[in-house]
Amino acid sequence: MKALVTRLDSFGDVLLAGPAVRAVAARADTVTLLCGPHGAPAARLLPGVDEILVWDSPWTGFQPPRVDRADVDGLVAAVDADSALILTSFHQSPLPTALLLRLAGVGFIAADSEDYPGSLLDVRHHRAPHAHEAEAALDLAEAAGFPRVDDGRLRVLPPPAGGPLTGPGGYVVVHPGASVPARAWSPGRCAQAVRELTAAGRRVVVTGGAGERDLTAYVAGDAAVDLGGRTGAAELAGVLAGAACVVTGNTGPAHLAAAVDTPVVSLFAPVVPAERWRPYGVPYVLLGDQDAPCAGTRARRCPVPGHPCLDTVTALDVVAAVDKLVEAP
């Protein structure tokens with residue numbers, strides 16, 4: 001059986017699909033993962049994936065492309081599968097993807113759907129109302145005939161050792177950036193946390209993407225190792241695997257840390273529910289006002305002046321949270 005799993009969203013979303021991918025891989029001859037361009041680096045890290053199809057969907061992402069007939073026809077021609085599992089967030093519809101997969105000749109399709117699917121789905125599943133995204137994906141896989149085969153935690157292929165970039169393990173990683181500004185702690189607070197962690201005897205490594213070099217340089221200052229723009233997805237996994245703890249917002253590196261079994265101090269803006277998106281399967285401390293006025297809005301930029309849901313968190317709060325997760329230096 002040729003199976004296809006789709007998750008068309010971001011890096012972290014694809015990592016959260018990993019346990020369901022492994023469940024499908026245990027019963028399929030081959031597994032193709034259909035993902036968006038932002039999720040592709042995560043897809044390359046997942047065990048159980050034989051092939052990756054990258055497609056920029058017009059119905060997902062922050063800047064979706066316009067619908068293009070030739071582009072859609074190209075995707076339909078590229079899909080070669082007998083069965084498919086469509087993974088979506090709780091507020092997304094799987095039906096546009098299901099229509100294209102039907103046109104591609106996929107005979108069996110399963111998805112969570114509150115909307116009437118007509119003939120587009122063979123398994124119309126209803127997710128548990130408070131399920132974490134990783135659990136919801138596993139539940140759907142089981143309903144489609146792919147029961148879980150392991151502990152269901154996040155997992156990636158063994159990453160390269162982070163030592164050449166970081167020195168000996170046991171450091172604390174601070175990752176200040178986020179793809180959505182509303183989910184990021186302010187740079188000033190991050191820089192204060194680095195100084196306080198260093199003063200408490202912690203060795204600190206600051207990470208960030210190629211477009212975040214100015215941010216990571218500011219946050220690291222003279223107190224921390226600055227790895228801004230120096231790690232791809234696999235290298236970042238290695239850096240996080242060597243850490244005693246990771247301090248970050250609700251963003252991809254939080255889930256990558258969980259996938260390499262590293263505890264997380266999660267600076268979690270409640271614009272999406274923590275019960276669905278918190279670090280999964282590892283010890284964590286959740287910081288941030290989960291009852292702030294922005295709760296549940298899915299806002300990309302904070303709608304409340306001063307970003308109070310996160311900026312009421314202090315650097316000393318982060319030090320105390322790290323101390324809860326990590327032995328004293």
Side-chain angles (χ1 to χ4, degrees), residues 10-19 42 45 132-135 151-156 159 162 166 169-180 182-186 189-190 193-194 196-197 200 202-209 212 216 219 224-225 227 231 233 235-290 309-310 313-329:
S10 68
F11 184 94
D13 299 312
V14 171
L15 290 176
L16 291 172
L45 301 179
H132 192 281
E133 290 294 303
E135 286 288 343
D151 60 10
R153 294 173 67 172
L154 306 190
R155 197 168 296 160
V156 292
T166 64
Y171 44 84
V172 173
V173 168
V174 174
H175 187 91
S179 59
V180 176
R183 301 180 192 176
W185 205 27
S186 71
R189 283 279 197 264
C190 291
V194 167
E196 293 291 349
L197 286 165
R202 305 283 184 190
R203 191 158 57 91
V204 181
V205 173
V206 179
T207 58
E212 297 174 323
T216 61
V219 170
V225 175
L227 294 184
T231 56
E235 292 79 15
L236 180 59
V239 169
L240 299 181
C245 181
V246 177
V247 179
T248 187
N250 174 27
T251 190
H255 303 305
L256 188 56
V260 295
D261 204 29
T262 299
V264 180
V265 174
S266 177
L267 291 146
F268 200 100
V271 290
V272 296
E275 65 183 2
R276 294 188 175 112
W277 297 101
R278 60 170 174 75
Y280 184 75
V282 294
Y284 69 95
V285 174
L286 201 71
L287 298 178
D289 181 4
Q290 300 306 297
C309 67
L310 286 186
V313 178
T314 69
L316 292 178
D317 292 331
V318 167
V319 173
V322 170
D323 288 344
K324 289 181 180 180
L325 296 173
V326 184
E327 293 182 2

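Throughout, numbering of the chain's residues begins at 1 and tracks the sequence. None of these values were measured; they are calculated from a predicted model.
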Under a 4.5 Å cut-off applied to non-hydrogen side-chain atoms, are Thr216 and Leu227 in contact? no
Do Val265 and Cys245 have side-chain heavy atoms sitting under 4.5 Å apart?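 Touching, per the 4.5 Å side-chain cut-off.
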Who pairs with Glu135 by salt bridge (charged side-chain N to carboxylate O under 4.0 Å, His left out), at least two apart in sequence or on another chain? Arg148
Arg276: what forms a salt bridge (charged side-chain N to carboxylate O under 4.0 Å, His left out) with it, not counting sequence neighbours?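 Partners of Arg276 under the salt bridge (charged side-chain N to carboxylate O under 4.0 Å, His left out) test: none.
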Please give me the minimum heavy-atom distance between Val206 and Ala224, naming the atom from each residue. CG2-CB, 3.9 Å
Under the rule for side-chain hydrogen bond (donor to acceptor under 3.5 Å, both in side chains), what residues qualify as partners of [X], not counting sequence neighbours?
X: Thr207; answer: His175
X: Ser266; answer: none
X: Thr262; answer: none

Spatial distance of atom OG1 (Thr231) from atom CG (Leu240) [nearest 0.5 Å]: 8.0 Å
Nearest-0.5 Å distance, CG of residue Leu45 to CG of residue Leu15: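 These two atoms lie 6.5 Å from each other.
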Which pairs count as salt bridge (charged side-chain N to carboxylate O under 4.0 Å, His left out) when at least one residue sits in [range], sequence neighbours excluded?
range: residues 278-290; result: none
range: residues 264-273; result: none
range: residues 236-263; result: Arg153-Asp261

Got a sec, which residues hit side-chain contact (heavy atoms from CB on, under 4.5 Å) with Ala178, two or more places apart in sequence or on another chain? Arg183, Ala184, Thr251
Holding to side-chain contact (heavy atoms from CB on, under 4.5 Å), I want the full list of residues that pass it with Cys190, two or more places apart in sequence or in another chain. Pro176, Trp185, Val219
If you look only at pairs with a residue in residues 314-329, which of them pass as a side chain to side chain donor-acceptor pair (under 3.5 Å), with sequence neighbours excluded? Arg202-Asp323, Thr314-Asp317
Quick one: ring pair (Phe, Tyr, Trp, His ring centres under 6.0 Å) pairs with a partner in residues 244-286, sequence neighbours left out?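 Passing the test, one end in residues 244-286: His132-Tyr280.
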